[in-house]
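Below is one structure, written out as structure tokens, with a few remarks after it.
Values in this document were obtained by computation on a predicted structure and should not be read as measured data. Values below: every heavy atom of this structure, side chains too, minus hydrogens, waters and symmetry copies.
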Amino acid sequence: MQYRQLGRSGLRVSTVTFGTMSFGGKGVFADVGTTGVAGARELVDIALDAGVNLLDTSNVYSHGLSEEILGEVLESGGRRDRTLIATKVRMGMGDRPNDAGLSRQHIIAQAEASLRRLRTDHIDLYQVHNWDGQTPLEETLNALDTLVRDGKVRYIGASNYAGWQLSKALGVSERHGYQRFVSQQIHYTLQAREAEYELAPIAVDSGVGILSWSPLAGGLLSGKYRRGVQPSGQARHLTDWDEPPVRDEDKLYDIIDTLVEIGDARDVSAAQIALAWLIGRPGVSSVVVGARKKEQLLDNIAAADVELTDQERTRLDAVSAPDVLYPYWHHVKSANDRLSDADIVPNDIIRAAQS
């Protein structure tokens, strides 16, 4: 297992994070998984023994049950001392007016509730789960800063923010002396590279490390979905996915074909190749993998040890290349003499032209 700094913080996290959305199975989350305490204990032990040190959950997963199960598992066997816990706040936890959002009221109330469910005295990484355009950022960040100063939270992160929202939040923190976001949990995969326009450059330039959720695009990049082949077992059809939306099926299958070819040549899974590509991208601190079966978890964790060649990366970059939007095509044409490491899209285009 490899470890990296989480953004510009001093916290070191494993390049593979174990996500626990499948714990519980209450309500809509039953479609993701129904892992109970015994199964969760087995999966957590596999992850910890492999060197994974960051476990990710959220208050909204199975309406708190995921946190409860994780807390019960970590309470015994010295597991909590080996683990960093990341959880989240923002989504609706009830029907009352203040049961959702990023107000001071909701953040602090939900932090206290998460601490109780997780059976711990602090949260290592507390993430705002999505944007709240109706609560001033000053209020949100002040509440998070209070939790850090009170010792209930160690670090704070964002999730699913747009580039301008994340940049504004960093500016508010700097202006007021609040704790700043050290991470951003976002969707970033070979199939969905939109993050490279703004969010990945912010990660590099401003030190806000990327944690990629659903790095296999909900299983689409696992290799079990092939062009013209009916998925077997409990696999969902391609049309069932809306996170992320699949706008170009032919391109998706081209990516999958390339992953399978590279994986077969190396005698590893297509999933490991997809994860290894992402782990090697600029700004990425860790990929958040979920699993219902130990075989799936072990396979995903093994991606941390896969080193792709330059030729393999070039193939994957080319088959998955995103559209070149303005102003990036103009940067390639007119600003290529003064690009920085954070200019990810222009740099990729120039490298591709030179290869």
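Across all their heavy atoms, Ser22 and Ala291 have their closest contact at OG-O, 3.4 Å. Taking every heavy atom of both residues into account, Ile69 and Val37 meet most closely at CG2-CA, 4.0 Å. When all heavy atoms of Tyr126 and Leu144 are compared, the pair lying nearest together is CD2-CD2, 3.9 Å. Between Leu170 and Phe181, the shortest heavy-atom contact is CD2-O, 4.0 Å. In terms of heavy atoms, Ile256 sits closest to Gly223 at CG2-CA, 4.4 Å. Across all their heavy atoms, Leu6 and Ser183 have their closest contact at CD1-CB, 3.8 Å.
In this structure, the side chains of Glu68 and Glu72 stay at 4.5 Å or more apart for every pair of heavy atoms. Taking 4.5 Å as the limit, some side-chain heavy atom of Val284 sits within range of a side-chain heavy atom of Leu278. When side chains are defined from C-beta on, Leu54 does not count as touching Val288, because their heavy atoms never get closer than 4.5 Å. At a threshold of 4.5 Å between non-hydrogen side-chain atoms, the residues Tyr3 and Thr15 do not count as touching. Counting heavy atoms from C-beta on, the side chains of Val128 and Ser159 never come closer than 4.5 Å. Ile279 has its side chain within reach of Arg4: a pair of non-hydrogen atoms, C-beta onward, lies under 4.5 Å apart. Two residues are said to be in side-chain contact when any heavy atoms from C-beta on lie closer than 4.5 Å; Leu166 and Gln184 meet this criterion. Inter-residue side-chain proximity for Leu298 and Lys293 is flagged as unmet; no heavy-atom pair is nearer than 4.5 Å.
Linking Ile, Leu, Val, Met, Phe, Trp and Tyr whenever their side-chain heavy atoms come within less than 4.5 Å puts Val319 and Ile273 in one cluster. Under a hydrophobic-cluster definition in which Ile, Leu, Val, Met, Phe, Trp and Tyr are linked whenever side-chain heavy atoms come within less than 4.5 Å, directly or via other members, Tyr328 and Trp164 are assigned to different clusters.
Few gaps surround CD on Glu295; more than 12 heavy atoms of other groups in view lie less than 6.0 Å from it. Atom CG of Asp95 is surrounded by 12 or fewer heavy atoms from other residues, nucleotides or ligands within 6.0 Å. For Arg315, the CZ atom is densely surrounded, since the number of other residues' heavy atoms within 6.0 Å is greater than 12.
The salt bridge (charged side-chain N to carboxylate O under 4.0 Å, His left out) test applied to Lys251 returns no partner, not counting sequence neighbours. Legend: residues meeting side chain to side chain donor-acceptor pair (under 3.5 Å) with Asp254, ordered by chain and number and at least two apart, are Arg227. Scanning for side chain to side chain donor-acceptor pair (under 3.5 Å) contacts around Thr35 gives an empty result, with sequence neighbours left out. Partners of Asp337 by salt bridge (charged side-chain N to carboxylate O under 4.0 Å, His left out), not counting sequence neighbours: none found. Not counting sequence neighbours, the partners of His129 by the side chain to side chain donor-acceptor pair (under 3.5 Å) test are Ser58. Residues passing the salt bridge (charged side-chain N to carboxylate O under 4.0 Å, His left out) test with Arg226, sequence neighbours excluded: Asp257. Looking at residues two or more places apart in sequence or on another chain, you find no salt bridge (charged side-chain N to carboxylate O under 4.0 Å, His left out) involving Arg8. Partners of Ser212 by side chain to side chain donor-acceptor pair (under 3.5 Å), not counting sequence neighbours: none found.
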Report all side-chain donor-acceptor pairs from residues 84-91 shorter than 3.5 Å, counting only partners two or more places apart or in another chain.
residue, atom, partner, partner atom, Å
Thr87, OG1, Glu67, OE2, 2.6
Lys88, NZ, Asp56, OD1, 3.3
Lys88, NZ, Asp56, OD2, 2.7
Lys88, NZ, Thr57, O, 2.8
Lys88, NZ, Tyr61, OH, 3.2
Arg90, NE, Trp131, O, 3.0
Arg90, NH2, Trp131, O, 3.2

- prompt: What's the verdict on side-chain contact (heavy atoms from CB on, under 4.5 Å) for Asp121 and Leu115, showing C-alpha distance, side-chain angles and the deciding distance?
  reply: CA-CA 6 Å; Asp121 62 353; Leu115 288 168; 5.9 Å; no
message: Working note: Glu75 + Arg119, criterion salt bridge (Lys or Arg N to Asp or Glu O under 4.0 Å); need CA distance, chi angles, decisive distance, verdict.
response: CA-CA 7 Å; Glu75 190 177 39; Arg119 307 186 188 189; 2.7 Å; yes
task: Check the pair Arg193, Asp348 against salt bridge (Lys or Arg N to Asp or Glu O under 4.0 Å), reporting the backbone distance first and the verdict last.
output: CA-CA 12 Å; Arg193 294 176 59 181; Asp348 279 352; 3.5 Å; yes
query: Do Arg313 and Asp310 pass the salt bridge (Lys or Arg N to Asp or Glu O under 4.0 Å) test, and can you show the C-alpha distance, the side-chain angles, and the key distance before you say yes or no?
result: CA-CA 5 Å; Arg313 285 197 167 276; Asp310 290 343; over 6 Å; no
query: side-chain contact (heavy atoms from CB on, under 4.5 Å) between Arg351 and Asp317: does it pass, once the steps are laid out?
result: CA-CA 10 Å; Arg351 276 193 296 268; Asp317 289 347; over 6 Å; no
field: Trace of the side-chain contact (heavy atoms from CB on, under 4.5 Å) decision for Met21 with Phe29
entry: CA-CA 7 Å; Met21 186 188 287; Phe29 292 94; 3.8 Å; yes
Steps toward side-chain contact (heavy atoms from CB on, under 4.5 Å) verdict (Leu141, His176): CA-CA 9 Å; Leu141 290 162; His176 293 280; over 6 Å; no
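For the residue pair Thr120/Arg80, the side-chain donor-acceptor check at 3.5 Å is satisfied. Remark: the Glu196 side chain and the Tyr188 side chain contain an N/O donor-acceptor pair separated by less than 3.5 Å. The closest side-chain donor-acceptor pair between Thr135 and Asp132 falls under 3.5 angstrom. There is no side-chain donor-acceptor pair under 3.5 Å between Asn300 and Gln272. Defined by atom type and a distance below 3.5 Å, a donor-acceptor pair is missing between the side-chain atoms of Asn59 and Ser114.
Taking CG of Leu220 as the start and OG1 of Thr189 as the end, the distance is 8.5 Å to the nearest 0.5 Å. Within the model, atoms CD1 of Ile107 and CG of Leu102 stand 5.0 Å from one another, a figure rounded to the nearest 0.5 Å. Summarising the geometry, atom CG belonging to Leu43 is positioned 9.0 Å from atom CD belonging to Gln296; distances are rounded to the nearest 0.5 Å.
Evaluation of the ring pair (Phe, Tyr, Trp, His ring centres under 6.0 Å) test over residues 336-355, restricted to residues two or more places apart or in two chains, returns none. Applying the ring pair (Phe, Tyr, Trp, His ring centres under 6.0 Å) test to residues at least two apart or on different chains, the pairs with a partner in residues 288-326 are Tyr326-Trp329. Residue pairs satisfying the ring pair (Phe, Tyr, Trp, His ring centres under 6.0 Å) criterion with at least one member in residues 281-302, sequence neighbours excluded, are absent.
At a threshold of 4.0 Å, the pair Asp45-Arg41 does not count as salt-bridged, since none of the basic side-chain nitrogens sits closer than that to a carboxylate oxygen. Between Asp343 and Arg338 no salt bridge is recorded (no basic side-chain N to carboxylate O distance below 4.0 Å).
Although no hydrogens or angles enter the test, the distance criterion places a donor-acceptor pair under 3.5 Å between the side chain of Asp145 and the main chain of Gln179.
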